[in-house]
Protein chains: 2
Amino acid sequence: MEDTGIRSVGATMPGHLIRRLHQLSTSVFTQRVREAGFDLTPVQFIALDALQQNPGIDQARLAEAIAKDRATVGAVTDRLVQKKLVKRVVSPRDKRARELTLTGAGRATLDALMPVVTELQAEILPGLTPEEYAQFIALAAKAARAAGPGDAG
Amino acid sequence: MEDTGIRSVGATMPGHLIRRLHQLSTSVFTQRVREAGFDLTPVQFIALDALQQNPGIDQARLAEAIAKDRATVGAVTDRLVQKKLVKRVVSPRDKRARELTLTGAGRATLDALMPVVTELQAEILPGLTPEEYAQFIALAAKAARAAGPGDAG
DNA sequence: AGAATTTAGTATGTACAGATACCAATTCCG
DNA sequence: CGGAATTGGTATCTGTACATACTAAATTCT
């Protein structure tokens, strides 16, 4: 790669840095998961994880757990149902709600992917020492916690 | 908000934390900018900033500067041209390329927004002390630099 | 010069992500 | 109990974001 003289932008802007890390994280995840023989996005994975930890919750509850809005979760759920990783049934207690559970395939996918995802996490923040990595996680978690669960809507 | 017993997910996963911060950052930016009387997304702002620093570059060069792919930059540029913040002309040297420059309105928008954006940055990482904030920026910048400019495409 | 490769931009398709609006079902409250 | 407010889900719209594939133009290599 030759030097084009183009200066990259936003090197000290937190928003831009976070956006960069976000796309890096997504691309590493998608690539490694595909190499493992699966076709699953980060959000789909997080949703499966949330459903394993909270079986039978409805879409609004899932949205809360993974910090997305209802419309997004509806679309993500559509894809997971279509891939037969999640079962969606109308709640007998509340006809508006749809209760979500992992299918056998969903559980199997999550089990197979968990070690892959654990291993890929270091790649998401390349060039950091283990101490720096831990520090970054701690700071990010603190900021995310301070932001609260309901801020993004 | 009452406790529903739903556990949130991914509290130690860097990818999920980064995704959370990304949405927080976007929502803070959009809200503050709208309050200032403008209708501009974070990516559109970064693009304007890049064009001010590198007037006359083409879309591929802009994509490189802001770390997006050509297709995305094409769409973003469409909107900036439509808003009359950017002028797009076919390069006389290379008939494939389109040279981009800020219009007067583009420069004015950038000037008006710069202090707003500077001020809003602290809000993107709430609950961090100034030292922690600086630390986070340093770590994020280090990781982004290690990732390299061409990794996400 | 001519063929092969690379590069710029666009088109299309998929997938988040939030805003808004809407319907249906439920809960709240008088 | 019955009207009002809330809640769950969907539909639509805008805007990233990337993959792939395609055209046209430029560059490279023989």
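All chains are named by letter (A, B, ...) in the order of the sequence lines, taking the proteins before the strands, and each is independently numbered beginning at 1.
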Presence of salt bridge, B:Arg88 and B:Glu99, under 4.0 angstrom: no
Check against side-chain contact (heavy atoms from CB on, under 4.5 Å), B:Phe29 and B:Arg34: CA-CA 8 Å; B:Phe29 183 98; B:Arg34 180 170 307 186; over 6 Å; no
Phosphate OP1/OP2 of C:dA17 contacted by A:Arg19 side-chain N/O (<4.0 Å): no
Heavy-atom neighbours of B:Lys87 NZ exceed 12 at 6.0 Å: no
Interatomic distance where CD belongs to B:Gln44 and C1' belongs to D:dG15 [whole Å]: 8 Å
Nearest-neighbour nucleotide for the B:His22 side chain, D:dA17, C:dA8, D:dG9 considered: D:dA17
Interatomic distance where CG belongs to A:Asp39 and P belongs to C:dT14 [whole Å]: 12 Å
Expected rows: protein N/O vs nucleotides 26-29 of chain D N/O, under 3.5 Å:
unit_1 : atom_1 : unit_2  : atom_2 : d
D:dA26 : OP1    : B:Lys95 : N      : 3.0

Check against side-chain contact (heavy atoms from CB on, under 4.5 Å), B:Leu102 and B:Leu110: CA-CA 9 Å; B:Leu102 294 185; B:Leu110 201 51; 4.1 Å; yes
Integer-rounded Å distance: C:dA15 C1' and A:Asp69 CG: 14 Å
Gap between atoms CZ and P, on B:Phe29 and D:dG15 respectively (whole Å): 14 Å
Length of the line joining A:His16:NE2 and D:dT16:C1', which is rounded to integer Å: 14 Å
Atom pair distance, as rounded to whole Å: NZ in A:Lys83 and P in C:dT14: 12 Å
Separation of D:dG9 C1' from A:Glu99 CD (nearest whole Å): 14 Å
Distance, rounded to the nearest Å, where B:Ile66 contributes CD1 and D:dG15 contributes P: 15 Å
Touch class at under 4.0 angstrom, heavy-atom based, for B:Val73 against every strand present: nothing
More than 12 heavy atoms from other groups under 6.0 Å of CD on A:Glu35: yes
Short side-chain N/O contact from A:Thr41 to OP1 or OP2 of C:dC16, under 4.0 Å: yes
Any donor-acceptor N/O pair under 3.5 Å between C:dG9 base and B:Arg98 side chain: no
Along DNA chain C (nearest heavy atom to each residue), the more 5'-positioned of A:Arg79 and B:Gln59: B:Gln59
Hydrophobic cluster identity match, B:Val89 and B:Val76, side-chain contacts under 4.5 Å: no
Candidates D:dT12, D:dG8, C:dA17 - which lies nearest the side chain of A:Ala71: D:dT12
Pair A:Ser91-A:Asp94, side-chain donor/acceptor within less than 3.5 Å: no
Nucleotide nearest B:Thr72 when distance is taken to its side chain, options D:dC18, C:dG9, D:dG8: D:dC18
Closest approach of A:Gly127 to B:Ala146 (non-hydrogen atoms, all atoms of both residues): CA-CB, 3.9 Å
Sugar-phosphate only, base, or nothing, as touched by B:Arg88 at under 4.0 Å among non-hydrogen atoms: sugar-phosphate
D:dT7 OP1/OP2 closer than 4.0 Å to side-chain N/O of A:Arg70: no
